[in-house]
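Residues take their numbers from the sequence shown, with the count starting at 1.
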Amino acid sequence: MKTLSVIIPCYDEEPVIDTTYRRIKTVLDSMRLISSQMIFINDGSRDKTLDILSDIAQKDRAVKIINFSRNFGHQAAVTAGIHHCTSDFAVIIDADLQDPPELIPELLAKQAEEQANVVYCVRKKRTGESKFKLWAAKRFYRTLNKVSEVNFPLDTGDFRLIDSQIIEQFKRFKERGKYIRGLISWVGFKQVPFYYEREARFAGETKYPLKKMLSFATTALFYFSKKPLLMATSLGFTTVIIGIFMALWYLFGKIFGYTNAESGWTSIMIIVIFFGGIQLLTIGVLGQYIGILFDEVKERPEYIVKDLVNWE
Ligand code: UDP
Ligand code: MG
């Protein structure tokens, strides 16, 4: 007998939110739990998501709402959910029903069977997703694994079950740029996979346009890897070696007369462009890390809660 929280980040989910609530409710009611609650985080929705949630919360005390002052992003929303969670277990799930809530009892069963601290859901199949997104996600997770200091499970989203030990450890993370699935892997303890088929979005459209996808990928890469800095160093080193050989070639050419100094315009342009590019690239890599330092030292809160509904 356990207590369970379901954490559901919501941003403009008006067309699905009621169905999501009812499907999760049915699942929770069918389970043998001491108590359960649903934590909906309204991440600055511009539609009627909050109104619908407030209506539900009035009738159902087990529905808790964390209402943000504006849109802070998916990862901040999930973070707020975990911060407010005090139960034995939490399940993180998207509001759009791509991750079937009906799997929650199976996740708990898997947890009990393996005595695991984390049961992370691995997508065997993803339907209703653009070819580009599938390709980009596949490349991204594999590249990240190669360059990061942690070994992440592949094809895994935030849909997972975590226990109180993980919840407590997660609350200690001070960094504001959160790549949650990575941080949970990083924590360690016993983490086991659960294979499932990811469905298409129930209604509405994706809240992850290319811009958000890129920012998400950037956080994951630069927060979990120092390899780009190392690559900048090796790139600089390589070009210095090339530069030395070229300098010698031109110097001896001048002395022994096998190069024609007057006709050197093309080679100079090529060298200027090449080295200019490499310099800008490495400055850009440095800039990414400085930008992250800049954001982190400000120690701004990760999210601002406007109000809490049904929290004692
Ligand atoms: N979401 C959020 N804030 C955002 C963007 C998304 O809380 O700024 C929520 C969204 O409501 C959904 C989950 O995060 O519950 C995943 O978003 P979505 O399904 O649009 O992403 P996709 O599945 O297309 O990658
Ligand atoms: Mg989705």
Side-chain angles (χ1 to χ4, degrees), residues 1-10 13 16-43 49-68 74 76-97 99-121 157-173 180 184 187 189-192 194 196 303 305-312:
M1 295 281 269
K2 293 144 187 161
T3 58
L4 173 71
S5 299
V6 183
I7 298 170
I8 314 134
C10 313
E13 299 289 5
V16 292
I17 202 71
D18 192 53
T19 316
T20 305
Y21 161 71
R22 276 188 281 118
R23 268 178 64 181
I24 298 176
K25 174 90 181 148
T26 312
V27 172
L28 292 179
D29 285 348
S30 72
M31 292 166 70
R32 288 183 63 239
L33 295 159
I34 301 175
S35 78
S36 61
Q37 57 179 14
M38 283 177 241
I39 306 177
F40 286 95
I41 303 95
N42 177 43
D43 185 15
T49 303
L50 182 64
D51 301 333
I52 300 172
L53 282 176
S54 304
D55 282 347
I56 296 171
Q58 241 169 25
K59 287 174 226 135
D60 187 348
R61 301 285 299 166
V63 170
K64 322 271 173 193
I65 304 174
I66 302 172
N67 187 28
F68 280 2
H74 175 212
V78 175
T79 301
I82 302 177
H83 284 171
H84 284 76
C85 183
T86 49
S87 48
D88 299 328
F89 294 97
V91 169
I92 304 166
I93 193 166
D94 283 355
D96 59 0
L97 296 170
D99 310 317
E102 289 72 25
L103 295 178
I104 295 175
E106 292 178 46
L107 296 182
L108 273 166
K110 179 93 178 166
Q111 186 283 326
E113 180 194 322
E114 304 237 11
Q115 286 302 306
N117 301 87
V118 177
V119 181
Y120 57 88
C121 301
D158 287 329
F159 180 36
R160 60 186 63 214
L161 172 85
I162 54 179
D163 75 351
S164 55
Q165 233 168 345
I166 301 286
I167 296 170
E168 286 323 305
Q169 294 306 326
F170 188 87
K171 287 177 184 171
R172 294 176 54 211
F173 283 107
I180 294 170
I184 293 177
V187 169
F189 296 102
K190 187 166 184 192
Q191 314 209 359
V192 298
F194 176 90
Y196 79 115
Y303 52 83
V305 178
K306 192 169 163 194
D307 39 24
L308 294 170
V309 181
N310 277 352
W311 294 85
E312 280 75 45

Approximate separation, where rounding is to 0.5 Å, of Thr79 OG1 and His74 NE2: 9.0 Å
For Gln191 and Ile184, the nearest pair of non-hydrogen atoms, with its separation, is NE2-O, 2.7 Å
For Leu308 and Ile66, what are the C-alpha separation, side-chain angles and deciding distance, and is it a side-chain contact (heavy atoms from CB on, under 4.5 Å)? CA-CA 5 Å; Leu308 294 170; Ile66 302 172; 3.8 Å; yes
Does Asp99 have any side-chain contact (heavy atoms from CB on, under 4.5 Å) partners at least two apart in sequence or in another chain, and if so, which? Ile93, Asp94, Phe159, Tyr196, Arg198
Carefully, step by step, assess Phe40 and Thr49 under the rule side-chain contact (heavy atoms from CB on, under 4.5 Å). CA-CA 10 Å; Phe40 286 95; Thr49 303; over 6 Å; no
Non-hydrogen atoms of Asp163 and Ala116 that approach each other most closely: OD2-O, 4.4 Å
To the nearest 0.5 angstrom, please state how far the CD1 atom of Ile7 sits from the CD1 atom of Ile41. 6.0 Å
For the CD1 atom of Ile104 and the CD atom of Glu106, what is their distance to the nearest 0.5 Å? 10.5 Å
Would you mind listing every side-chain hydrogen bond (donor to acceptor under 3.5 Å, both in side chains) that reaches into residues 53-62, with sequence neighbours excluded? Tyr21-Asp60, Lys25-Asp60, Arg61-Asn310, Arg61-Glu312
How about Leu161 and Leu4: do any of their side-chain heavy atoms sit closer than 4.5 Å? yes
How long is the span from the CD1 atom in Ile39 to the CD atom in Gln37, to the nearest 0.5 Å? 4.5 Å
Begin with the C-alpha distance, continue with both residues' side-chain angles, and end with the deciding distance and a verdict on side-chain contact (heavy atoms from CB on, under 4.5 Å) for Cys10 and Ile17. CA-CA 8 Å; Cys10 313; Ile17 202 71; 3.5 Å; yes
Looking at Glu113 and Lys110, does any basic side-chain N land under 4.0 Å from a carboxylate oxygen? no
Would you give the length of the straight line joining atom OG1 of Thr20 to atom CD of Glu13, rounded to the nearest 0.5 angstrom? 7.0 Å
What I want to check is whether the side chains of Asp88 and Ser164 have a donor and an acceptor closer together than 3.5 Å. no
Got a second to check how far Phe189's CZ is from Gln165's CD, nearest 0.5 Å? 4.0 Å
Evaluate side-chain contact (heavy atoms from CB on, under 4.5 Å) for Phe173 paired with Val187, printing each intermediate quantity in order. CA-CA 10 Å; Phe173 283 107; Val187 169; 3.7 Å; yes
side-chain contact (heavy atoms from CB on, under 4.5 Å) partners of Val309, counting only residues at least two apart: Ala57, Ile65
